Amino acid sequence: MRALLFVTLLCSCTRPAEGRAEDELAVGKAEIASATVEVKDGLAAIRDLSDGLLDLWCGAPAIQLAFAVPDAGDWTIIARNSLSDSQLIIDGAPFDRTPDGPPTVATFRVALAAGNHTLRVAPPDADRIEPYRIVAMADIQTALPIVDDVFEMISAVPDARFVTAMGDITERGTIEEYELFDRQLTTLTIPFYTTLGNHELWGGADRFFGRFGRASFHFEFKGTAFTFADSGDAGIDPIVESWIDTWLVQAIDQPHIFLTHIPPIDPVGLRYGAFRSTRDARRLLARLAEGHVDLTLYGHIHTLIEFENAGIPAFVSGGGGAEPMRGDGIDRHFLILDLDGPTQTVTVVRVD
Amino acid sequence: MRWSGLCLTLVLATAPAHADTVPAGPPLAAPIMAPCEADGCKREGPTKLRRTGAVFASVTTGLFVRGVGSYLIGEKRTAKRLALVSAFGLGAALGGGLPVGISGGYPPTLPLMPVLLVGAGALFTTWWADIGVAAGVSTLGNARTQAPWSIELATLYLSDPYRQAGLGRLGGRIELGRLDLGASYLLDAENELRTGEANVRVRIFGAAATGEVVSDGSRLILRAGLRGHEDDGDRVDTTTAELALIGRLDLHRLDRGLRGAFIEMSSGIGVERVSHFGDHDNSSILLGTFSWGVYLGNRGEVQLFYDHRRDSMVGGIAAGRAAGFVGSLGASLDWMFDPKWAAHLEVDVGNAWLTTVALRYRGGTR
């Protein structure tokens, strides 16, 4: 009877990600008696806000927040998952991070006057348009205990600024897995920006949002736009699609990389490792093509495939260590992306 | 497709035929037989309480123990045969699914997908058939073939995450010997969504389309189809070519206790070409359906079905963690309310809800 009820519930729901998309809008907002914080575009999760302490998990290389304090006081601002050369700029004045701590954890101790402040955490070159290098990966899942191997290799990549990830960082989305992931990230010397995958949904998306922030978000760094979209239910909710439409318009004249967990169309069509509706998938791809997206990156299928969708170069790279596809000879790997304006050079690095 | 065809052919060829296999029978006014009495299976029916319990057991426990509903109402042989077919289905599902699953979808294993679908089809349709036996709906009627030719006008209502749309569809078909030629055109009220489709069906096995009642509706058909789809809203044009094998088995061939019920399975492959602003994507589609149904008197049939394809308007169910790997579910009713006229009602549930109400003129019937 429970199975029947389950099937009935499944059938009745055609927008499983609607509530999740609405919940994303609460990310980056917090209020206590002595402070109010709102992170612009929800690009950071607020892990702690208490008297004198603001602890953030950055979801982008450059974040901006509105910080209101009714009384003057000393504050410790921790920006986790930030670039090692990040500065804190408060109302136009720069503050350097304290010298201790891991490279991706920037701690600032500042004295704030009463009133409204605009804070920005970003490296000095965030808005300078020039070539740079990033890394992309997906699908860690059961390999979480040994993902530090991958992180160490990524840390050794010269000049890589950050990692973009296409989801499935856990197998079941348990708190223990997220805690282990946090510990494993200490071996990574650059930030890790990720959307969620279908495996994170086993444990509820609120766990992801609370730790890593939004699953659908957009940022720009050094002239290139990045759009991450939540496709954990094998589709894009119309709310997220409306955000994507806005971001596509914003970045129409910029190099633009689109990342999501599940490929809209499986390059091997009859496998159906793709969106649950091919028509919705085609609809998304038409939008991305019309928005002049330059590169699409996906995970979900535990192999490496280079292909094109709607004329846009695409990679499926599910080599974070999850049970690999057998027979194709491809095991753990990640991608190095050298970005030079609209040109992206992609190099595959094999870990095993 | 090759495997599913073999499996269906094997079942059709080896299953015992408990009924006459005349291709066509008397017209509507004179049913061929009272379904159960013809085989001498008339007996005291189960009490209402026993039947209710059997239905409950078949819906719940029956998902795992096939035939429990039939067993509880005293149809032990039916239960045993349903269990055997479901065991075959489990074997096929494992045989087809394990290599695909264990390899993580390695492309050389994908030709086994139709075996997985046929196995899943046998598993689910025997479950539904058992519920049907327990509920007493398996002895309601006889098969009726399609009319020699027909014209259908349908109205559809689509509700998907992105839009609600009303659509109209005009279609027709005609059987010429063993060939059945059909075409349809679908248009939404805003003229944003247009689909034209042509199908050729070759009847390999089964009764000709006379529009009359037959004692066995089992059939095997090869279908070739071509579809053009334009969607101005989504800014996508798609052309699809398909080839599929479709088999129906009247379940009295499996056991007389299942008279009046049938299962249908199909499998095939399609290729599609999609146009996006001058760029083209080519892709492949795995086709697969399975259904269980019962004949309603001599006037129609009702079916529950699963469709594995994702490129239809319905798409796949948002099946929790399995989303993306699962197709859609549906139910349909065909009812001939006059020798010349029939209605078709259908509800499909996947990524979208699609409701179809159609009126069909049955040409060439007496």
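Note that these values count all heavy atoms, side chains included, but never hydrogens, waters or copies made by symmetry. Numbered from 1 within each chain, the chains take letters A, B, ... in sequence-line order. Note that the structure is predicted; figures quoted are calculated from it, not measured.
You'll find the side chain of B:P107 reaches within 4.5 Å of the side chain of A:M325, heavy atoms only. Side-chain contact between B:I285 and A:Y272 is present, with heavy atoms from C-beta onward closer than 4.5 Å. Within the 4.5 Å cutoff, side-chain heavy atoms of A:I265 are placed close to those of B:S283. No side-chain heavy atom of A:R276 sits under 4.5 Å from any side-chain heavy atom of B:V326. Between B:D160 and A:T14 the shortest side-chain heavy-atom distance does not fall below 4.5 Å.
Interatomic distance, CG of A:D266 versus CZ of B:R310, reported as 10.5 Å (0.5 Å rounding). Going from atom CZ of B:F325 over to atom CZ of A:R271 covers 9.0 Å, rounded to the nearest 0.5 Å. To the nearest 0.5 Å, atoms CG (A:N309) and NE2 (B:H276) are separated by 8.0 Å. A:R282 contributes atom CZ, which lies 11.5 Å from atom CG of B:D234 (distance to the nearest 0.5 angstrom). In this structure, the separation between OG on B:S312 and CZ on A:R279 is 6.5 Å, given to the nearest 0.5 Å.
With a 4.5 angstrom heavy-atom cutoff, A:L284 does not touch chain B via any of its atoms. For A:A274, the part lying under 4.5 angstrom from a heavy atom of chain B is the backbone only. Heavy atoms closer than 4.5 Å to chain B are found in the side chain of A:H300, but not in its backbone. Of the two parts of A:P238, the backbone and the side chain both hold a non-hydrogen atom closer than 4.5 Å to a non-hydrogen atom of chain B. With a 4.5 Å cut-off on non-hydrogen atoms, B:H308 touches chain A through its backbone and its side chain both. Contact of A:I239 with chain B is not made at all, since no heavy-atom distance falls under 4.5 Å.
Heavy-atom pairs under 4.5 Å with chain A peak, among B:H280, B:R309, B:M313, B:M113, at B:M313. Of the listed residues (B:S284, B:G104, B:S159), the one with the most heavy-atom contacts under 4.5 Å to chain A is B:S284. Counting heavy-atom pairs closer than 4.5 Å to chain A, the top-ranked of the candidates B:V236, B:T238, B:V314, B:V100 is B:V236. Per-residue counts of heavy-atom pairs under 4.5 Å with chain B were compared for A:A234, A:A286, A:G235; the largest is that of A:A286. Contact count against chain B (heavy-atom pairs under 4.5 Å) is highest for A:A310 among A:G311, A:A310, A:A322. In terms of heavy-atom pairs under 4.5 angstrom with chain B, the leader among A:D328, A:N198, A:L270, A:D280 is A:L270.
Although no hydrogens or angles enter the test, the distance criterion places no donor-acceptor pair under 3.5 Å between the side chain of A:S277 and the main chain of B:N351.
The environment of CD in B:E190 is sparse: at most 12 heavy-atom neighbours from other residues, nucleotides or ligands sit within 6.0 Å. Atom CZ of A:F209 has more than 12 neighbouring heavy atoms from other residues, nucleotides or ligands inside a 6.0 Å radius.
Contact record, B:D281 with A:E308: OD1-O, 3.9 Å, taken as the closest heavy-atom pair. Residues B:P161 and A:R15 come closest through the heavy atom pair CB-CG, 3.7 Å.
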| Audit row: A:T278, B:E272, side-chain contact (heavy atoms from CB on, under 4.5 Å) steps and yes/no | CA-CA 11 Å; A:T278 306; B:E272 66 173 6; 4.0 Å; yes
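Figure legend: cation-pi geometry between A:R283 and B:Y162, with NZ or CZ positioned under 6.0 Å from the six-membered ring centre and within 45° of its axis.
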